[in-house]
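First up is the structure itself, then whatever we jot down about it.
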2 protein chains.
Amino acid sequence: MNEANAERDYLESYRPGDYPSVALTADLVVFAVTGGVLRVALVRRGAHPFKGRLALPGGFVGPRESAEAAAGRELSEETGLDLGTLPVHLEQLATYSAPGRDPRMRVVSVAHLVLLATDGTSLPAVSAGTDAAGADWYPVHEMLAGSTGESLAFDHLQILAEGLQRLAGKMEYTTVAARLLPGEFTLTQLRTVYEAVWNAPLAAGNFTRKMTPQLEDTGRKVRASTGGAPAALFTASDRYIYPPLSRPGQE
Amino acid sequence: MNEANAERDYLESYRPGDYPSVALTADLVVFAVTGGVLRVALVRRGAHPFKGRLALPGGFVGPRESAEAAAGRELSEETGLDLGTLPVHLEQLATYSAPGRDPRMRVVSVAHLVLLATDGTSLPAVSAGTDAAGADWYPVHEMLAGSTGESLAFDHLQILAEGLQRLAGKMEYTTVAARLLPGEFTLTQLRTVYEAVWNAPLAAGNFTRKMTPQLEDTGRKVRASTGGAPAALFTASDRYIYPPLSRPGQE
DNA sequence: TGAATAGTGTCTGTCAGACAGTATATT
DNA sequence: AATATACTGTCTGACAGACACTATTCA
């Protein structure tokens with residue numbers, strides 16, 4: 001009997017044993033920037049445990065899908081956004097598996113970072129999914145500073161903090177911040193995103209000088225509406241910035 | 001009935017439903033540097049599927065432990081090393097959940113990055129665990145270049161590649177490379193680690209100048225054994241290097 | 001003394017940070 | 001004209017890269 005036959009016979013005779021099994025969920029840290037403020041989509045829990053508390057949107061990973069696929073599916077179910085049409089950035093953050101993190105049962109969560117493109121003024125409506133009494137956008141830095149009076153369910157505050165850390169760090173050496181803006185944007189819009197995520201002001205002139213060679217110039221300019229020179233429109237391809245941007249207050 | 005009672009009653013009446021469940025494993029990317037070469041611990045599979053192929057060590061996550069705890073447990077079971085005594089670096093890498101990645105059943109793997117401290121010349125013995133016909137150390141860059149003639153089981157080649165990428169990247173802005181060395185080490189030893197991981201030579205003089213202020217000087221010097229000036233001994237506390245080191249060939 | 005290694009000094013080009021100055025638009 | 005915004009120019013200090021040089025050990 002050759003190896004291929006041995007392998008096929010093995011697979012046919014195999015019966016899953018009593019391996020420890022866990023329920024797997026995909027949780028979402030969905031970021032968007034409006035009004036110069038970084039915001040995260042949170043749902044108000046309508047059921048126990050943590051009834052009435054805010055939580056990250058998420059749901060169970062199906063038996064025939066990856067965690068990433070589940071995250072994308074949850075995103076469209078909760079927000080009505082379609083990953084296929086919109087250029088939505090989705091990446092895996094980390095997995096949270098501490099025993100007892102969900103008082104009901106053994107739940108392991110694969111957290112994902114999602115960046116929604118907005119024009120900087122309006123936010124897509126988030127709809128409450130199952131088990132949720134409502135959903136809305138909340139300012140990230142205020143949530144983490146605890147100045148909103150709201151606390152998050154489960155270990156979701158930690159997940160939110162690590163999501164922000166990932167985004168803020170990645171913006172130093174990539175152009176991923178552009179995923180929070182429409183396909184074409186001005187340098188001022190991009191700088192606003194950086195300032196919202198880093199929660200620190202940046203010098204406009206130096207930002208232009210550093211960022212311009214990292215972007216594609218469309219050659220067109222935006223119609224100036226507020227008085228002032230018309231700004232050039234850029235597009236971004238995901239690329240590495242080298243040497244990286246320096247973040248104020250990091251040292 | 002108040003909220004606390006409602007929550008308690010809910011938990012008591014709760015019965016786990018038919019949520020999709022998965023088997024969860026913790027896989028290990030264990031790195032060590034000897035002879036100026038970055039090596040990874042791999043086991044030879046003794047059972048189907050992928051019998052005879054090399055694979056990352058790992059095992060199931062128990063019902064009452066986190067993925068990190070399982071990774072530490074597997075590490076001592078497979079290598080005989082104790083996380084409690086040795087300063088072993090362990091961090092989560094990523095979670096791999098593609099359906100069909102294990103032909104037997106639904107298995108989701110939380111991969112972990114482990115850095116073992118060595119003196120640069122000898123390697124700790126790795127013992128084969130259950131289901132393994134053997135275990136040994138293999139050169140990472142050769143494995144990834146495919147020049148060893150060995151191929152890895154499952155999606156472990158991708159996990160290995162992402163483990164190397166994480167380590168190489170983190171070494172730019174932290175002193176984590178010191179976790180691959182004993183508690184006290186010389187700048188030449190540390191530079192050797194950088195060169196092994198980055199697979200590129202570094203200018204010794206400039207490396208010293210950049211690295212020295214990031215480390216703690218013990219004030220003592222190593223006994224020179226090869227002829228040459230005695231090198232100063234340093235220790236490292238995990239800290240951020242700002243601005244980061246620049247990696248040759250990154251641009 | 002010669003070889004090998006550790007560490008410092010020096011020069012140059014690049015770039016970040018600060019900020020002034022210029023250009024182009026709206027009102 | 002006044003004002004607001006976009007962008008460029010300029011200066012300075014810091015630092016990376018290259019490399020020469022000195023210092024300290026072993027054989």
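Numbers restart at 1 for each chain; the letters A, B, ... are given by sequence-line order, proteins then strands. Not measured: the values here are computed from a predicted model.
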Return the CG to CG distance between B/Leu75 and B/Leu116, rounded to the nearest 0.5 Å. 6.0 Å

If you restrict it to nitrogen or oxygen atoms, what contacts under 3.5 Å exist between nucleotides 7-15 of chain D and the protein, and what is each distance?
from  : atom 1 : to       : atom 2 : distance (Å)
D/dC7 : OP1    : A/Ala232 : N      : 2.8

B/Leu190 CG - C/dT5 C1' separation (whole Å): 17 Å

List the steps, then state whether side chain to side chain contact (heavy atoms under 4.5 Å, CB included) holds for A/His156 with A/Leu54. CA-CA 9 Å; A/His156 288 188; A/Leu54 291 174; over 6 Å; no

Would you call A/Leu164 and A/His141 a side-chain contact if the rule is heavy atoms closer than 4.5 Å? yes

Just say parallel, tilted or perpendicular for the rings of B/Trp198 and B/Tyr194, cut-offs at 30° and 60°. perpendicular

Distance (rounded to the nearest 0.5 Å) between B/Leu190 CG and B/Met171 CE: 7.5 Å

Expressed in angstrom and rounded to an integer, what is the separation of A/Met211 atom CE from D/dA6 atom P? 16 Å

Do B/Glu162 and B/Tyr96 get their side chains close enough for a donor-acceptor pair, meaning under 3.5 Å? yes

Atom CZ of B/Arg247 and atom P of D/dG17 are separated, to the nearest Å, by 13 Å

B/Ala229 side chain, from C-beta outward: closest of C/dA23, D/dA23, C/dG17: D/dA23

Which whole-number value in Å describes the distance from B/Asp217 CG to C/dA6 P? 15 Å

Without decimals, in angstroms, what is the distance between A/Phe207 CZ and C/dC15 P? 17 Å

